[in-house]
Amino acid sequence: MSNTDMNMRGKIIFYEDRNFMGRSYECMSDCSDMSSYLSRCHSCRVESGCFMVYDRTNYMGNQWFMKRGEYPDYMSMMGWRDCIKSWRMIPMYRGSYRMRIYERENFGGQMYEMMDDCDNFMDRYRMNNCMSCNVMDGHWLMYEQPHYRGRMMYLRPGEYRSFMNMGYSGMRWMSMRRIMDSCY
């Protein structure tokens, strides 16, 4: 595999203990359950690419975006009480970005088409909630607070009819940004 292919695929190394100590597991793809490889994970190093990590198996629970870099004690950094249980590699994307966001579930209520980052739905659109969306192009991160803060959710192309049914009951999504080349 060439260096270019490896950079596009991504590579992440997980360690049992903080500061890259203990047993490790190296990966270049998605994993729905880390327990097959390590019993716990308290630090990691992203050597290339971008990943979304989750605190529950099967890509569920709290999510955190990780790009190239070292995370010697990610649990303190993220405010998590539990270890990474699953992860998904985010493929590099260089095309156009397009998403429709909706005020209500099942694509109801106000609709706005997004093609760039939005640091505050309320300020830009007078939209006080986003409960469903349709990602036509690109990969996006949605945040629960304005200015890209708080908990986040990774969105890849597809229809998301109900954030509540996805386990985000009671959350309000208030900002979003594109995952661009600069992240890699």
Side-chain angles (χ1 to χ4, degrees), residues 10 12 30 43-46 48-56 59-105 107 109-184:
I12 190 167
D30 297 352
S43 59
C44 67
R45 181 178 285 128
V46 178
S48 59
C50 296
F51 291 82
M52 207 69 198
V53 297
Y54 303 81
D55 68 351
R56 291 178 40 205
Y59 319 112
M60 302 293 289
N62 292 310
Q63 305 179 30
W64 192 265
F65 177 73
M66 291 186 161
K67 60 184 180 178
R68 187 177 194 155
E70 295 188 343
Y71 303 86
D73 185 11
Y74 72 83
M75 290 174 67
S76 296
M77 181 183 79
M78 296 181 217
W80 282 10
R81 294 182 188 174
D82 209 350
C83 300
I84 294 171
K85 301 284 198 240
S86 60
W87 62 88
R88 190 181 302 276
M89 188 195 72
I90 300 172
M92 186 176 284
Y93 179 78
R94 294 193 177 157
S96 61
Y97 288 77
R98 198 164 63 115
M99 172 196 289
R100 289 188 181 138
I101 59 173
Y102 298 85
E103 183 180 37
R104 296 194 180 101
E105 293 180 296
F107 313 125
Q110 294 181 62
M111 182 278 294
Y112 295 98
E113 188 162 303
M114 315 283 296
M115 298 177 82
D116 59 357
D117 300 348
C118 178
D119 66 350
N120 191 325
F121 296 153
M122 186 64 177
D123 287 352
R124 187 183 290 183
Y125 300 115
R126 300 292 178 237
M127 184 176 182
N128 65 4
N129 206 353
C130 174
M131 297 182 74
S132 60
C133 73
N134 183 5
V135 177
M136 281 84 79
D137 297 304
H139 296 260
W140 301 75
L141 290 175
M142 194 173 283
Y143 297 82
E144 74 173 327
Q145 296 173 14
H147 308 290
Y148 320 114
R149 295 179 182 212
R151 290 186 287 179
M152 60 184 77
M153 175 173 50
Y154 167 54
L155 300 167
R156 55 190 181 172
E159 292 184 347
Y160 300 85
R161 294 185 169 276
S162 172
F163 296 145
M164 285 187 359
N165 289 344
M166 293 170 58
Y168 297 104
S169 180
M171 282 188 64
R172 294 171 58 130
W173 300 102
M174 302 301 291
S175 59
M176 59 190 279
R177 69 168 33 142
R178 300 161 293 166
I179 302 175
M180 308 277 293
D181 282 4
S182 59
C183 295
Y184 296 88

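Reckoned from all heavy atoms, side chains included, excluding hydrogens, waters and symmetry mates. These numbers were taken from a predicted model, which means no experiment stands behind them.
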Roughly how far, to the nearest 0.5 Å, is [atom2] of [Y] from [atom1] of [X]?
{"X": "Arg172", "Y": "Met131", "atom1": "CZ", "atom2": "CE", "answer": "10.0 Å"}
{"X": "Asp137", "Y": "Met115", "atom1": "CG", "atom2": "CE", "answer": "8.0 Å"}
{"X": "Met99", "Y": "Cys130", "atom1": "CE", "atom2": "SG", "answer": "7.5 Å"}
{"X": "Trp173", "Y": "Glu144", "atom1": "CH2", "atom2": "CD", "answer": "6.5 Å"}
{"X": "Ile101", "Y": "Leu155", "atom1": "CD1", "atom2": "CG", "answer": "11.0 Å"}
{"X": "Arg161", "Y": "Cys133", "atom1": "CZ", "atom2": "SG", "answer": "11.5 Å"}

Residue pair [X] / [Y], side-chain heavy-atom distance below 4.5 Å:
{"X": "Glu103", "Y": "Asn128", "result": "yes"}
{"X": "Ile179", "Y": "Tyr93", "result": "no"}
{"X": "Glu159", "Y": "Phe107", "result": "yes"}
{"X": "Arg178", "Y": "Trp140", "result": "yes"}
{"X": "Phe121", "Y": "Met176", "result": "yes"}
{"X": "Lys85", "Y": "Tyr54", "result": "no"}

*Just do the side chain to side chain contact (heavy atoms under 4.5 Å, CB included) check on Met52 and Met152 with the steps written out, would you?*
CA-CA 10 Å; Met52 207 69 198; Met152 60 184 77; 3.7 Å; yes

Would you name the heavy atoms of [X] and [Y] that are closest together and state the gap between them?
{"X": "Met166", "Y": "Met60", "result": "O-CE, 4.2 Å"}
{"X": "Ser132", "Y": "Ser162", "result": "CB-N, 4.4 Å"}
{"X": "Tyr143", "Y": "Arg149", "result": "CB-O, 3.5 Å"}
{"X": "Arg177", "Y": "Asp117", "result": "CA-OD1, 3.3 Å"}
{"X": "Pro146", "Y": "Met174", "result": "N-CB, 3.6 Å"}
{"X": "Asn134", "Y": "Gly158", "result": "OD1-O, 3.3 Å"}

*Please report the C-alpha distance between Met136 and Glu113 in whole Å, then the side-chain angles of each, then the deciding distance to 0.1 Å, and finally whether the side chain to side chain contact (heavy atoms under 4.5 Å, CB included) criterion is met.*
CA-CA 10 Å; Met136 281 84 79; Glu113 188 162 303; 4.1 Å; yes

*Mind checking whether Phe163 and Tyr160 have parallel, tilted or perpendicular rings, split at 30° and 60°?*
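Ring orientation, 0 to 90° scale: tilted.
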
*If the plane angle is over 60° it's perpendicular, under 30° parallel, otherwise tilted; pick one for Tyr154 and His139.*
parallel

*What do you reckon, is CZ of Arg45 surrounded by more than 12 foreign heavy atoms closer than 6.0 Å?*
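Buried by this count: over 12 neighbours within 6.0 Å.
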
Sidechain-backbone polar pair: [X] side chain, [Y] backbone, donor-acceptor under 3.5 Å:
{"X": "Gln110", "Y": "Met127", "answer": "no"}
{"X": "Ser175", "Y": "Tyr148", "answer": "yes"}
{"X": "Tyr112", "Y": "Tyr125", "answer": "yes"}
{"X": "Asn62", "Y": "Asp55", "answer": "no"}
{"X": "Ser169", "Y": "Met164", "answer": "no"}

*For the pair Arg124 and Asp116, find out whether any cationic side-chain nitrogen is under 4.0 Å from an anionic carboxylate oxygen.*
yes

